[in-house]
Asker: 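This structure is in structure tokens; I'll ask about it shortly.
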Amino acid sequence: MNKSMKRAQRKAHNRGEDSMSVFESARLASSPVETKEERVRRLYSYEGGALMGWLLDECRIRGFTLQALATELGVTYGYINQLRSGLREISQVGPRFAQRAARFLGVPTVVVKLMAGQLTMSDFIPPQQTEEEFVERAMIRLLEDSKASAFISLDTYTADIAVKKDFLSLYAEVSGDDVYNMKELPEMLRWLQRAAVEHSENVLQAERGQGGQAALALAA
């Protein structure tokens with residue numbers, strides 16, 4: 001046991017803290033500075049998942065024990081231990097837990113839900129719809145607009161899809177309106193969409209890494 005870990009053990013004993021958390025802090029503190037990529041791989045390799053890895057890493061940085069983390073999140077020590085070990089699914093945590101975790105990490109609650117697996121890439125992909133349905137929805141939106149509906153005749157509304165597309169394109173060009181409702185997503189949503197993609201890639205990389213480690217262990 002090196003000097004930093006011995007000092008951490010003495011401090012933990014004096015404060016009555018969770019020695020496991022202190023040992024982990026001392027071990028990482030004495031390790032070489034890791035790169036951003038290495039930190040991501042480490043956080044995503046936690047048995048309890050990426051969110052649990054992030055929470056535990058924040059505990060290490062701030063000198064929190066598991067008991068202190070449990071108090072911050074409004075749950076019991078046993079609950080946190082179950083999340084950490086994977087006995088309890090992190091994706092099943094409730095809204096209150098997500099809000100408290102977000103406050104602890106200093107991020108929006110929706111980011112915690114993303115990291116917990118409550119939001120996935122599929123949540124950012126529009127449901128599949130046919131071209132006919134897409135054009136029909138645009139026509140209906142124009143009909144609900146008193147200004148636009150004045151330009152739509154019965155013949156246009158009942159025409160085939162090619163005529164409707166021509167009409168919509170002409171109207172959009174003249175009016176400048178977004179007839180297909182295809183304006184850019186708000187900045188936060190686009191940021192979350194990118195985060196969802198990156199999160200998915202990190203999960204895959206962590207799974208591949210664990211698979212490689214398992215194969216090495218079997219071969220040893």
Side-chain angles (χ1 to χ4, degrees), residues 36-37 40 43-44 48-55 58 72-75 83 88-208:
K36 179 182 177 182
E37 291 74 18
V40 168
L43 298 188
Y44 275 79
L51 175 59
M52 203 62 223
W54 193 4
L55 287 168
E58 185 69 14
E72 285 287 320
L73 301 182
V75 296
L83 290 176
R88 185 184 291 268
E89 290 289 336
I90 193 74
S91 61
Q92 300 302 312
V93 298
R96 186 173 177 80
F97 180 97
Q99 290 170 359
R100 284 178 172 253
R103 188 182 306 124
F104 183 71
L105 294 170
V107 297
T109 304
V110 70
V111 174
V112 169
K113 292 182 178 181
L114 174 64
M115 298 294 287
Q118 294 180 351
L119 292 176
T120 65
M121 283 182 63
S122 62
D123 293 313
F124 296 91
I125 301 173
Q128 293 297 322
Q129 59 182 345
T130 65
E131 186 180 32
E132 287 80 2
E133 291 172 332
F134 189 63
V135 171
E136 188 63 27
R137 287 169 67 91
M139 291 295 293
I140 290 173
R141 280 195 294 271
L142 286 187
L143 283 172
E144 292 175 346
D145 184 331
S146 58
K147 180 181 69 174
S149 61
F151 296 93
I152 305 176
S153 67
L154 180 61
D155 289 340
T156 303
Y157 187 73
T158 57
D160 61 30
I161 186 172
V163 174
K164 290 180 179 178
K165 286 170 63 178
D166 288 342
F167 170 79
L168 288 169
S169 297
L170 180 62
Y171 182 82
E173 185 176 347
V174 172
S175 66
D177 289 347
D178 180 25
V179 296
Y180 288 112
N181 200 28
M182 293 291 286
K183 289 180 179 178
E184 287 190 3
L185 293 171
E187 181 62 29
M188 175 60 81
L189 186 54
R190 288 193 286 118
W191 180 86
L192 279 173
Q193 189 175 34
R194 293 194 300 271
V197 173
E198 187 170 343
H199 174 64
S200 179
E201 291 174 351
N202 288 335
V203 169
L204 287 174
Q205 289 178 6
E207 289 174 349
R208 288 173 188 148

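Numbers here are sequence positions counted from 1.
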Asker: Rounded to the nearest 0.5 Å, what separation is found between the CE atom of Met52 and the CE atom of Met115?
Answerer: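 So the gap between those two atoms works out to 12.5 Å.
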Asker: Minimum heavy-atom separation for Arg100 and Gly74, please, with both atom names.
Answerer: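 For Arg100 and Gly74, the tightest heavy-atom pair comes out as NH1-N, 3.6 Å.
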Asker: When rounded to the nearest 0.5 angstrom, what is the spacing between OG1 in Thr130 and CD1 in Ile161?
Answerer: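 The OG1 atom of Thr130 sits 7.0 Å away from the CD1 atom of Ile161.
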Asker: Calculate, to the nearest 0.5 Å, the distance between atoms CD and NZ belonging to Glu132 and Lys165 respectively.
Answerer: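 Glu132 atom CD to Lys165 atom NZ measures 9.0 Å (nearest 0.5 Å).
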Asker: Taking all atoms of both residues into account, what is the closest heavy-atom pair of Ala116 and Leu51, and its distance?
Answerer: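 Where Ala116 meets Leu51 most closely, the heavy atoms are CB-CD2, 3.8 Å.
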Asker: State, yes or no, whether a side-chain contact exists between Gln118 and Val93 at a heavy-atom distance under 4.5 Å.
Answerer: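 Sidechains of Val93 and Gln118: in contact.
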Asker: Does any N or O in the side chain of Asp155 come within less than 3.5 Å of the main-chain N or O of Thr158, such that one atom is a donor and the other an acceptor?
Answerer: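 Such a contact is absent between Asp155 side chain and Thr158 backbone.
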Asker: Under a 4.0 Å N-O cut-off, is there an ion pair linking Glu136 with Lys164?
Answerer: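 Answer for the salt bridge query: yes.
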Asker: Please report the interatomic distance CZ(Phe167) to CG(Leu142), rounded to the nearest 0.5 Å.
Answerer: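 That separation rounds to 6.0 Å.
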Asker: Apply side chain to side chain donor-acceptor pair (under 3.5 Å) to the pair Ser146 and Ser149, showing each step before the final yes or no.
Answerer: CA-CA 5 Å; Ser146 58; Ser149 61; 5.9 Å; no
Asker: Please answer whether the main-chain N or O of Glu89 pairs with a side-chain N or O of Gln92 as donor and acceptor at a distance below 3.5 Å.
Answerer: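 Not a single qualifying donor-acceptor pair exists.
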Asker: State, with a plain yes or no, whether a side-chain heavy atom of Trp54 is found less than 4.5 Å away from one of Val107.
Answerer: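 A side-chain contact under 4.5 Å exists here.
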Asker: Let me confirm one number: the CE-CG distance from Met139 to Leu168, rounded to the nearest 0.5 Å.
Answerer: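 One gets 5.5 Å once the value is rounded to the nearest 0.5 Å.
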Asker: Which residue in the set Leu83, Leu105, Leu43, Val112 passes side chain to side chain contact (heavy atoms under 4.5 Å, CB included) when paired with Leu55?
Answerer: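 The option that passes is Leu105.
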